[in-house]
Amino acid sequence: VYVGGGADYVNAEADIFGYTINGDGYGYNFAVGAAHRFNDHVIGEAQFRRLNADLSTDFGDVTFEGDQITLGIRVN
């Protein structure tokens, strides 16, 4: 089991109804996850990650909040 976090510089682009919006700013993230060794060659992982950022765009300031869940297998 692990927990981590940090500060981020975020550069984002979104295409909405044919318009492209670019933004950048600072934010933070944190993650929590776990790994399990199935055998000498296979490790399974699960992680939840949250990102928050305050972005400046041509249309004004935007707050971005995103969640990500990752499931993976590593094979050595």
Side-chain angles (χ1 to χ4, degrees):
V1 176
Y2 59 89
V3 176
D8 298 304
Y9 171 76
V10 179
N11 186 357
E13 180 178 295
D15 293 319
I16 301 172
F17 302 117
Y19 295 99
T20 301
I21 300 171
N22 294 299
D24 65 340
Y26 293 94
Y28 66 92
N29 75 82
F30 68 87
V32 60
H36 176 74
R37 181 177 292 278
F38 291 104
N39 57 42
D40 289 342
H41 302 288
V42 179
I43 299 172
E45 297 179 329
Q47 177 178 277
F48 171 79
R49 182 181 189 93
R50 173 100 176 152
L51 172 64
N52 290 298
D54 293 323
L55 306 176
S56 296
T57 72
D58 293 338
F59 298 99
D61 293 338
V62 176
T63 299
F64 174 82
E65 297 178 352
D67 295 329
Q68 177 184 18
I69 297 173
T70 304
L71 301 174
I73 293 179
R74 285 193 282 162
V75 179
N76 295 331

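- More than 12 non-hydrogen atoms from other residues, nucleotides or ligands lie less than 6.0 angstrom from OH of Y9.
- Within 6.0 Å of the CZ atom in R74, the count of heavy atoms belonging to other residues, nucleotides or ligands does not exceed 12.
- Transitive grouping of hydrophobic side chains (ILVMFWY, heavy atoms separated by less than 4.5 Å) keeps V3 and L51 in distinct clusters.
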Output, in order, the C-alpha distance, side-chain angles, deciding distance and verdict of side-chain contact (heavy atoms from CB on, under 4.5 Å) for I21 and I16. CA-CA 8 Å; I21 300 171; I16 301 172; 4.0 Å; yes

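- Between Y28 and R50, every side-chain heavy-atom pair lies at or beyond the 4.5 Å cut-off.
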Criterion side-chain contact (heavy atoms from CB on, under 4.5 Å) on N29 and R49, from CA distance to verdict: CA-CA 7 Å; N29 75 82; R49 182 181 189 93; 3.5 Å; yes

For D67 and F48, run side-chain contact (heavy atoms from CB on, under 4.5 Å): C-alpha distance rounded to whole Å, both residues' side-chain angles, the deciding distance at 0.1 Å, then the answer. CA-CA 7 Å; D67 295 329; F48 171 79; 3.7 Å; yes

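- F17 and F59 fall within a single hydrophobic cluster, where Ile, Leu, Val, Met, Phe, Trp and Tyr are joined by side-chain heavy atoms under 4.5 Å apart, directly or via other members.
- Remark: of the listed residues L55, N52, D54, D54 is the sole one forming a side chain to side chain contact (heavy atoms under 4.5 Å, CB included) with T63.
- Rounding to the nearest 0.5 Å gives a distance of 9.5 Å between CG of D24 and OG1 of T57.
- Taken from NE2 in H36 to CD1 in I73, the straight-line distance is 11.0 Å, to the nearest 0.5 Å.
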Quick one, E45 with T70, criterion side-chain contact (heavy atoms from CB on, under 4.5 Å). Give me CA distance, side-chain angles, the key distance, then yes/no. CA-CA 8 Å; E45 297 179 329; T70 304; over 6 Å; no

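- A donor-acceptor pair is defined here as one N or O able to donate and one able to accept, closer than 3.5 Å; such a pair exists between the side chain of N39 and the backbone of V42.
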